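Right, one structure below, let's go through it.
Each ligand, and each atom within it, is numbered from 1 in the order the structure gives. Being a predicted model, the structure only gives us computed values, none of them experimental.
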Amino acid sequence: MINLLDLDAAGLAALFADLGEKPFRAKQVSHWVHQRLVGEVEAMTDLSRALREKLAAVATIHGPTVVSDTTAADGTRKWLLDVGAGNAVEMVYIPEDDRGTLCISSQAGCALDCAFCSTGKQGFNRNLTTAEIVGQLWHANRALLADGVSATGRTERELLPLGGKARSAKGAPMTAPWVEQGRAPITNVVLMGMGEPLANYDCVVSSLRVFLDDNAYGLSRRRVTLSTSGLVPALDRLREDCPVALAVSLHAGNDPLRDRLVPINRKYPLAQLLTACLRYLDRAPRDFVTFEYVMLDGVNDAPEQARELAVLVRDVPCKFNLIPWNPFPGAEFRTSPRARILAFQKALMDAGFVTTIRKTRGEDIDAACGQLAGRVQDRTKRRIRIHSAAAATTAH
Ligand code: SAH
Ligand code: SF4
């Protein structure tokens with residue numbers, strides 16, 4: 001069975017060509033799946049019964065399996081999604097006054113092993129499929145709309161498309177009212193959850209296309225941000241294939257330190273990464289790169305390191321986002337004290353760089369960056385238990 005969430009516009013077009021149907025059916029179905037957010041082919045009421053039956057014989061809409069769904073005191077909402085074989089990934093919804101951002105995952109685990117990252121510490125399990133990546137946005141939109149959440153945080157049940165009738169005149173494109181009015185609960189998507197998006201290139205690009213497609217989520221390229229630790233060849237490909245807003249996890253202003261914190265730097269050192277950023281910028285939807293910089297006490301947070309950083313990136317149009325490091329069990333780091341983060345920010349600002357400090361959201365539900373491995377640790381413990389049980393069995 002084909003999962004309709006797995007197909008971008010080209011994939012849907014190919015499916016309907018295979019079925020011997022007209023190309024506009026692909027768009028119609030895309031509206032139903034990604035705008036009206038239906039969960040079954042049967043609900044696509046402006047398709048003839050015969051066509052619905054034909055489609056349902058080969059395709060379903062299979063969303064993620066939710067393990068848990070928790071809302072923090074500040075409104076941040078975190079879903080833990082089962083991706084099989086005991087693996088789970090997370091997505092986090094962050095409501096703000098003028099936008100709703102969904103932070104999504106691209107891999108179960110991550111092979112890049114950054115020293116300060118809990119996802120890195122769990123190792124690599126597997127790439128998520130397009131359906132599993134797109135399914136995050138699909139599910140979060142459905143869940144938020146079902147609760148009557150709009151981008152502005154207002155309750156607007158009358159905009160709820162779920163279970164509702166298509167309102168548009170017969171034959172007219174069926175853009176859901178909340179998309180037309182810019183009131184979809186999720187206005188921005190960031191690929192900053194678990195995994196390295198550029199290490200799952202094909203499925204990530206296909207998912208980005210669905211996010212941007214006017215017949216699907218219709219997000220502008222400025223509102224979709226991909227965060228990478230710096231896979232240079234894939235970054236060059238993204239520049240050609242689907243340039244969205246770019247965030248680069250820098251974390252250090254010289255190669256020896258970055259080699260230690262972000263091991264992929266040994267393969268693609270800073271000079272290469274920064275020239276790739278410059279190349280990317282002439283296609284990017286924004287005229288700057290966001291450099292993320294996690295603040296590690298006594299490791300990369302001295303004012304002179306900020307000045308070194310400023311010299312390093314002086315030719316790259318950029319902004320800095322300083323991320324207070326979020327601790328997790330067994331990690332060897334400490335979060336920089338607030339005063340040190342502020343001093344670092346000041347040094348960068350004095351050098352002329354716009355520098356923000358990321359507000360930690362959803363701390364009470366472990367939804368902050370790099371805190372996404374809670375269940376994985378459980379799983380590890382369980383594996384140890386299973387292993388020792390197996391060992392005990394063998395010993396008898
Ligand atoms: N793999 C990509 C995207 C996912 S990580 C990347 O590395 O950019 C998203 C951001 O969270 C990255 O900037 C990453 O460095 C940061 N991060 C990882 N672990 C963290 C932690 N424990 N505390 C704060 N930020 C963390
Ligand atoms: Fe992977 Fe990003 Fe974590 Fe590094 S910081 S291990 S690239 S998820």
Using a 4.0 Å cut-off to any heavy atom of Thr228, which atoms of ligand 1 qualify? 6 (C), 8 (O)

For Phe328 and ligand 1, does the shortest N/O to N/O distance drop below 3.5 Å? no

Among Gly120, Ala247, Pro327, Ser249, closest by heavy atom to atom 8 (O) of ligand 1 is Ser249

Here the atoms of ligand 1 under 4.0 Å from any heavy atom belonging to Gly193 are 4 (C), 5 (S)

Please determine if Trp325 has a nitrogen or oxygen closer than 3.5 Å to a nitrogen or oxygen of ligand 1. yes

For a quick test of your reading: what N or O donor-acceptor pairs under 3.5 Å do the side chains of residues 244-253 make, sequence neighbours left out?
from   : atom 1 : to     : atom 2 : distance (Å)
Ser249 : OG     : Glu292 : OE1    : 3.3
His251 : ND1    : Val294 : N      : 3.0

Would you mind listing which atoms of ligand 1 come within a distance below 4.0 Å of any non-hydrogen atom of Cys117? 18 (C), 19 (N)

Closer than 2.8 Å to atom 4 (Fe) of ligand 2, which protein N, O or S atoms? Cys114 SG

Can you establish whether the number of heavy atoms outside Lys121 located under 6.0 Å from its atom NZ is more than 12? yes

Would you mind checking which non-hydrogen protein atom is closest to atom 2 (Fe) of ligand 2, with the distance to 0.1 Å? Gly195 O, 4.5 Å

Hey, mind stepping through Glu196 and Thr228 against side-chain hydrogen bond (donor to acceptor under 3.5 Å, both in side chains) and telling me if it holds? CA-CA 6 Å; Glu196 167 51 52; Thr228 179; 2.8 Å; yes

Measure the distances from the heavy atoms of Met194 to every atom of ligand 1 and state whether one is below 4.0 angstrom. no

If hydrogens are left out, which of Leu296, Ile323, Asn326 has an atom nearest to atom 16 (C) of ligand 1, that is, the closest non-hydrogen atom? Ile323

Pairwise side-chain contact, His62 with Leu5, heavy-atom cut-off 4.5 Å (strictly under): no

Look at the aromatic rings of Phe320 and Phe291 and report parallel, tilted or perpendicular, splitting at 30° and 60°. tilted

Ignoring hydrogens, just give me the one of Glu292, His251, Met192 whose non-hydrogen atom is nearest atom 14 (C) of ligand 1. His251

When you look at Trp325 and Asp297, which way does the side-chain hydrogen bond (donor to acceptor under 3.5 Å, both in side chains) test go after all the steps? CA-CA 9 Å; Trp325 180 69; Asp297 185 23; over 6 Å; no

Should Gly195 be listed as contacting ligand 1, given a heavy-atom distance under 4.0 Å as the test? yes

Would you indicate whether the side-chain heavy atoms of Leu296 and Asp301 approach each other to under 4.5 Å? no

Taking it one step at a time, do Glu132 and Arg126 satisfy salt bridge (charged side-chain N to carboxylate O under 4.0 Å, His left out)? CA-CA 12 Å; Glu132 287 169 330; Arg126 70 171 174 85; 2.7 Å; yes

Mark yes or no for whether Glu21, through its side chain, and Leu15, through its backbone, hold a donor-acceptor pair below 3.5 Å. no

Short list, please: which atoms of ligand 1 are under 4.0 Å from a heavy atom of Val294? 24 (C), 25 (N)

Do the side chains of Asn188 and Leu219 get nearer than 4.5 Å, heavy atoms only? no

Strictly below 4.0 Å, N to O, side chains only: are Asp213 and Lys27 in salt-bridge contact? no

Scan Thr355, Thr290, Thr356 and name whichever one has a side-chain hydrogen bond (donor to acceptor under 3.5 Å, both in side chains) with Asn321. Thr356

